[in-house]
Amino acid sequence: MDAGIEIQLIAALTAAGCAIPGSFLVLRRMSMTADSITHTILLGIVLAFFVTNDLSSPFLIIGAALTGPVTVWLTELIVKTRLLSEDSATGIVFPLLFSIAVILITRYAGSAHLDTDSVLLGELAFAPFDRMIIFGTDIGAKGVYLSGGLLLLNILLTVLFFKELKIVSFDPVIAAVMGFSPTLINYGLMTMASLTAVGAFEAVGSVLVTAFMTAPPAAAYLLTHDLKKLLIISCSIGGASGILGYNTAMLLDVSIAGCMAVWTGLFFMAAFVYSVVRKKRGAAAKC
Amino acid sequence: MNIFELLCDHTVLVVVFGSALLGMVSGLLGTFSVLRRQSLLGDGVSHAALPGVAAAFLLTGTKDSGTLLLGALLSGLTAAGLIFSSVKKSKVKFDAALATVMSSFFGLGTVLLTCAQKLPNATQAGLHSFIYGQASSMLERDALVTIICGGAILAVVLLLWKEIKVFVFDRDFALQLGIPCGRINLILSFLTVLGVIIGIQTVGVVLMSAMLIAPAAAARQWCDKLWLMAALSALFGGISGAAGAFAGALAPGIPTGPSIVIAASALAVFSLLFAPKRGVLYRIYLRHKAMKKEESYGCGN
Amino acid sequence: MNLLKRRLSCVVMAIIVLLTASCVPAENKKEDKLNVTVTTTMLYDLARQIGGKYVNVQGLMGSGVDPHQYRASAGDIVKMQRADVVVYNGLHLEGKMGDVFASLEDYGKTVICAADGIEESMLIKHDGVYDPHIWFDVSLWKLAAKEVANGLSKADPHNAAHYAENFELYDKQLTELDKYIRKRAEELDENQRVLITAHDAFSYFGKAYGFKVMGIQGVSTAAEAGTADVIALAQFIADNRIKAVFVETSLPVKAIEALCEAVRARGFETSLGGSLYSDSLGDETDGTNTYIGAFRHNTDTVIDGLKGDDEIE
């Protein structure tokens, strides 16, 4: 497959994969979760490094992957006390975990080139060259399988638990009355979101993780009330941003991820203008 | 060096004093952000400042910190403006608008950086981290800038205290009273953005985000009155700044910035657990006492 | 919702159009010259010196770009695809990208890892991990040059003799540079040979040329300094009367400024000795875009600064 096609494929799959949990994050007012995870990943990497002492160990990626859920669990813990809002809880957890990581690195590993880029590729320009080789056959770029896998997983879980997710997102009290634990669903959702975020970090880099997880759902939120439509529109906008972003970047020879992130912002702006115009027309029509 | 010598050391004094001051200013500004559920504005503005820095470099060709900071400030203010107007004019919530604007601005910054990377100009090196300072490299001029800006911010807040108080707690009532809410919002946002940009240049992004949230979050657990919360938040911020900075001076290999974050977070966690009335462990203790009382009444019959 | 449906179908059509449009046919490979893609500016210079007029070198990182902060742009994909030969530093300097480069062997490209030419015993280890800044020791860079020459010869046996010849010539130049550095270093006394910078990149330089090397913070860009470290270093500078400390072109100046302030508070004045090319070479304008040019500049800056001469930049 041509490198350009593969990059767009990875971007589109990642965008769609992020848009699904991202939609629920936006509905739960936890949009900054993705950004929070991109900071705390360092701690997971550092701790894994202390165990293996080897920068090329696959254990480091596992360490990175585990930090996602740990970050959101700690945040959920604080939110549950109902003493702080979601944004404050997020804003206490990630600086703390990140600072612990920096202290550990400085004291015990200051001379090792320990940083997220030594563990996570996160660069679309090189993704086509990172191949998946099974039994000696090259079956495509690793990124395609990673992002495709995450998307499938997200779709599966969303379809299975759609009713529960819908109720918990819009009315947690009714959920408790109906007999299933909103807490469990929440933790499950946050875990899935965090693992997707780490996977997206590896596939497309930190610049895009937040962009793909929040901008398309935020835009879709302005365009529809229906959850199903929200999910579909978010995925479409995400995919479109990926493809348009790649082509713009090729035209201008600049950062691919940056262009994609800018496009998500442009789609949001478009949706915003559309919703404002529609509101005005609606108000005018009533006169 | 013993403690006494440390306290008289010039560098220690600059860092401790500067950090304490920055902590107090952040604590004050953070009070309003936390109450308005806009705590992560600091983190958002830090990311949104990148295109301003890159653009300033591309336009002027110099790495002069004044120019770059101006670019950062303009970029941050534009982002803040976009965030607030999207929240006001549509149903999108603050956190979603923040994450969206912040990530697309940061993306734009990355695009501009890759443009700069291609110029045959070695001075573009390190542009990305240029505006992100470290607490341990605080200079006298940083402390001075913090005093001046901090003083200005405090003055404005005190001047508009009555309006701010009503605006933060009950917006509709404020509108009824004829308070110009739009302008108050603008002023508070401008002060916050200014504080953030000065702060990240001095101590970096993560520390600044923490200082805008942790002290205020801690203070919130101890009182309900706004003025008390603001004062307590400033106090907590100042203490964390000083304590963390001092810890960094006690032994080698203890990074100053992260130590300050640990201090502030510790205060926040302590408050969440033990503050009277709201604290988690405190509430458990009260419930335990109440249950014991019930039992004793029951057995008495 | 009809309007919405129409919009959605427009978007879908646009996507299909763009996908077909981006199906660019594979680039015709460049005919006579060998296409070499490299990472750092040091390797760019090296590849050009060894390859001469038989190679077409493309660098991924421009002058002044810090390898730790490098961000790829879309055009880099084409540079990677077109390459017949890929040269990278290794020892985790390029992070995960290094692993990707290594796997390009399977793509039918010749992959040269500069650090492979150096025996493990000659490498410096910090905290259990190898220091990747091998270019600071000219004798190690010679070994890297040999590795590049071998690799180019393997990829292009037709011109192998030319690459070997270029290598011999360049090897002599590097020997001259090494002599120059040693000669200049002798102008300083033992206790004057202290090189202080913002981060610990100069270990190989220190080991090869007899300098004590001290940085405010370690190699990792994620590490942060503490006030105690700054004070300890400032005290050391004041006690030993070190006349200059040095800035690196790819790092912010502030940490060194704070250090100078701390030294001043101890009653000694150390000057900002000048800018050193550490993780990247310089511009064409002053000849520092070559390895030899940049390192002569570094040597002169360091020695002059530590001697306390007036020609400080």
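Reminder, nothing fancy here: chain letters follow the sequence lines and each chain counts from 1. As the structure is a prediction and not an experimental result, all values here were calculated from the model.
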Using side-chain contact (heavy atoms from CB on, under 4.5 Å), reason through A:T264 and B:T100 one step at a time and then give a plain yes or no. CA-CA 8 Å; A:T264 62; B:T100 304; 5.7 Å; no
Looking at every heavy atom in both A:C259 and B:V111, which two are closest together, and how far apart are they? N-CG2, 3.5 Å
Under a 4.5 Å cut-off applied to non-hydrogen side-chain atoms, are A:F94 and B:D43 in contact? yes
Straight-line distance of B:T114 OG1 to A:D253 CG, nearest 0.5 Å: 8.0 Å
What option among A:L252, A:T106, A:L25, A:L208 has the most heavy-atom pairs under 4.5 Å with chain B? A:T106
Can you tell me which portion of B:I254 sits under 4.5 Å from chain A's heavy atoms? Options are side chain, backbone, both or neither. both
How far does CG of A:L84 sit from CD of B:Q221, to the nearest 0.5 angstrom? 5.0 Å
Is it true that atom CZ of A:F50 has more than 12 heavy atoms of other residues, nucleotides or ligands lying nearer than 6.0 Å? yes
Is the number of heavy atoms from other residues, nucleotides or ligands under 6.0 Å of B:K277 NZ greater than 12? no
To the nearest 0.5 angstrom, please state how far the OG atom of B:S103 sits from the CE atom of A:M213. 12.0 Å
Is a side-chain N or O of B:K93 found less than 3.5 angstrom from the main chain of A:S31, in a donor-acceptor match? no
By a 4.5 Å heavy-atom criterion (distance strictly below it), what part of A:S275 contacts chain B: side chain, backbone, both, or neither? side chain
Between B:T110, B:V205, B:L212, which shows the greatest number of heavy-atom pairs under 4.5 Å with chain A? B:T110
Run the side-chain contact (heavy atoms from CB on, under 4.5 Å) test on A:F268 and B:V92 for me, step by step, so that the C-alpha distance in whole Å, both residues' side-chain angles and the decisive distance to 0.1 Å come before the verdict. CA-CA 10 Å; A:F268 175 74; B:V92 74; 4.2 Å; yes
Residue among A:D35, A:V262, A:V207 satisfying side chain to side chain contact (heavy atoms under 4.5 Å, CB included) with B:F106: A:V207
Can you tell which part of B:A268 gets under 4.5 Å to a heavy atom of chain A, answering side chain, backbone, both or neither? side chain
Is there side-chain contact between B:D95 and A:E86, with at least one heavy-atom pair below 4.5 Å? no
Tell me, for A:M30 versus chain B, whether the close heavy atoms (under 4.5 Å) come from the side chain, the backbone, both or neither. backbone
Find the one option among A:A101, A:G91, A:A219 whose heavy-atom pairs under 4.5 Å with chain B are most numerous. A:G91
I need the minimum non-hydrogen distance between A:I92 and B:A214, along with the two atoms involved. CD1-CA, 4.4 Å
Which of the residues A:T210, A:V102, A:D87, A:T81 is involved in the greatest number of heavy-atom pairs with chain B at under 4.5 angstrom? A:D87
Of the listed A:I103, A:L266, A:V209, A:I256, the one with the largest count of heavy-atom pairs under 4.5 Å with chain B is A:I103
Value rounded to 0.5 Å, distance of CZ in A:F272 from CG in B:L82: 8.5 Å
Checking side-chain contact (heavy atoms from CB on, under 4.5 Å) for the pair A:L83/B:L272: CA distance, chi angles, key distance, verdict? CA-CA 7 Å; A:L83 295 173; B:L272 285 172; 3.7 Å; yes
Can you measure from OG (A:S85) to CZ (B:R36) and round to the nearest 0.5 angstrom? 13.0 Å
Checking the side chain of A:R107 only, and the main-chain atoms of B:P252 only, is there a donor and an acceptor separated by less than 3.5 Å? yes
How many angstroms lie between atom OG of A:S99 and atom CG of B:L207, to the nearest 0.5 angstrom? 7.0 Å
Going by heavy atoms in the side chains, are A:H225 and B:K91 under 4.5 Å from each other? yes
Where is the tightest heavy-atom contact between A:S88 and B:I213, given as atom of each residue plus distance? O-CG2, 3.7 Å
